[in-house]
Amino acid sequence: MGPLWIGTSWKMNKGLAEARRYARGLHDHLGKTGLSGVQPFIIPSFTALAATRDELGAESPVLLGVQNAHWDDHGAWTGEVSVPQAKDAGAQLVEIGHSERREHFGETVATTRLKVAAALAHGLVPLLCIGESAEVNQAGESAPFILQQAAGALDGLTPEQLGRVLIAYEPIWAIGENGRPATVEELREPFAALGREYGGRTSGLLYGGSVNLDNAEDLLGIDHVTGLFVGRAAWELPGYLRLLQMAAAHPKAGA
Ligand code: 13P
């Protein structure tokens with residue numbers, strides 16, 4: 001098994017000073033070696049990306065990403081940022097298809113597919129987010145729904161390309177302040193389905209949605225889960241550091 005991926009998206013939070021403080025603190029704790037068996041990643045706003053990269057330094061074990069990127073390399077796409085631009089500013093990873101972007105910004109399965117291809121073409125890691133609504137979940141359709149979202153973005157990739165992809169399963173009903181944390185039992189079936197289809201064929205299968213210091217260890221223990229994608233619990237550095245340490249101490253980190 002590869003490393004446990006433990007990352008956070010800052011979503012639309014943090015100005016430059018706060019981003020720098022966080023990154024400097026992370027650098028002081030992790031240095032150049034990081035934690036054995038754990039791959040940390042941070043996804044700031046576009047505006048804070050280069051500053052975060054500068055504070056972490058060139059040899060940091062922390063990967064950096066963007067929360068979205070356009071599929072085209074350049075051109076008349078007002079307000080958008082391309083994968084080459086993101087790469088230029090320090091991104092190694094591109095988050096694609098987060099439910100907030102699907103719900104509010106017109107992201108579709110078709111656009112996630114284009115963005116996965118663009119990220120791969122430029123050597124960045126696509127972090128494809130999938131997840132179902134409460135209604136789909138209550139209808140017992142979670143597994144087929146998320147498999148369809150994943151297939152829509154990933155079908156047709158070569159094994160080598162698929163091997164560079166990260167998938168984050170984030171049930172919409174479990175995300176954010178209004179979310180209800182998913183139980184380990186609720187997550188077994190979706191991860192069994194993802195494991196059958198993608199286990200060992202991608203860089204990792206992450207869980208996201210109300211991850212916190214109390215549930216992280218149990219969530220990492222679920223079959224096929226190889227990482228956590230965290231919002232609120234990692235927005236302050238001490239919370240993120242504790243999650244990283246917890247992951248490093250997890251039996252799967254040594255597997
Ligand atoms: P929360 O951990 O705040 O629920 O957010 C999860 C998420 O959407 C990560 O991308």
Side-chain angles (χ1 to χ4, degrees), residues 4-14 18-19 22 39-46 48-49 52 62-69 86 91-105 107 112 115-116 119 124-134 136-137 142 145-146 149-150 153 165-184 186-187 190-191 194 202-220 222 225-244 246-247:
L4 289 176
W5 293 76
I6 307 292
T8 178
S9 161
W10 291 344
K11 305 196 180 185
M12 200 174 71
N13 296 293
K14 298 195 195 302
E18 201 184 336
Y22 188 115
Q39 176 58 67
F41 66 91
I42 303 275
I43 312 191
S45 294
F46 291 121
L49 180 60
T52 305
V62 181
L63 295 181
L64 281 175
V66 285
Q67 297 169 22
N68 177 40
Q92 293 136 305
L93 196 145
V94 183
E95 183 180 351
I96 296 165
H98 189 278
S99 63
E100 287 149 19
R101 296 213 57 83
R102 293 183 197 253
E103 182 181 352
H104 303 295
F105 302 103
E107 191 82 82
T112 61
K115 291 175 181 190
V116 166
L124 277 72
V125 174
L127 168 59
L128 177 70
C129 300
I130 55 176
E132 84 288 356
S133 65
V136 171
N137 180 261
S142 301
F145 183 89
I146 60 173
Q149 276 185 333
V165 171
L166 289 171
I167 297 176
Y169 169 47
E170 303 202 322
I172 299 170
W173 46 271
I175 295 174
E177 274 171 25
N178 299 320
R180 172 181 71 76
T183 64
V184 164
E186 287 174 304
L187 295 173
F191 272 103
L194 287 170
T202 61
S203 283
L205 298 177
L206 283 57
Y207 172 73
S210 295
V211 173
N212 59 46
L213 295 169
D214 295 325
N215 62 16
E217 197 171 342
D218 290 343
L219 292 167
L220 279 176
I222 298 170
V225 170
T226 62
L228 299 172
F229 190 22
V230 189
R232 292 157 295 156
W235 285 348
E236 301 297 330
L237 182 60
Y240 186 46
L241 289 173
R242 285 181 60 191
L243 287 168
L244 290 173
M246 195 179 284

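Note that this is a predicted model, so its numbers are computed, not measured. Each ligand, and each atom within it, is numbered from 1 in the order the structure gives.
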(request) May I ask you to list the atoms of ligand 1 that are less than 4.0 angstrom from any heavy atom of His98? (result) 7 (C), 8 (O), 10 (O)

Which residue supplies the protein heavy atom nearest to [atom], what is that atom called, and how far is it?
{"atom": "atom 2 (O) of ligand 1", "answer": "Gly231 N, 2.9 Å"}
{"atom": "atom 9 (C) of ligand 1", "answer": "Glu170 OE2, 3.1 Å"}
{"atom": "atom 3 (O) of ligand 1", "answer": "Arg232 NE, 2.6 Å"}
{"atom": "atom 5 (O) of ligand 1", "answer": "Lys11 NZ, 3.4 Å"}

(request) Would you mind reporting whether Lys115 and Val94 have side-chain heavy atoms less than 4.5 Å apart? (result) no

(message) Using side-chain heavy atoms (C-beta onward) and a distance below 4.5 Å, is Leu49 in contact with Pro44?
(response) yes

(message) So, using side-chain contact (heavy atoms from CB on, under 4.5 Å) as the criterion, who are the partners of Gln149 when residues are at least two apart?
(response) Arg102, Ile130, Phe145, Ile146

(request) Select the closest option to atom 4 (O) of ligand 1 among Ser210, Gly7, Ala234, Cys129, judged by heavy-atom distance. (result) Ser210

(message) Can a donor-acceptor pair be found, under 3.5 Å and without considering hydrogens, that links the side chain of Asn215 to the backbone of Asn212?
(response) yes

(message) Test your reading of the structure: does Gly176 have an N or O sitting under 3.5 Å from an N or O of ligand 1?
(response) yes

(message) Applying side chain to side chain donor-acceptor pair (under 3.5 Å) as the test, list every pair that has at least one member in residues 169-182; sequence neighbours left out.
(response) His98-Glu170, Glu132-Tyr169, Glu132-Trp173, Arg180-Glu186

(request) Any chance you could measure Ile42, atom CD1, to Leu93, atom CG, to the nearest 0.5 Å? (result) 11.0 Å

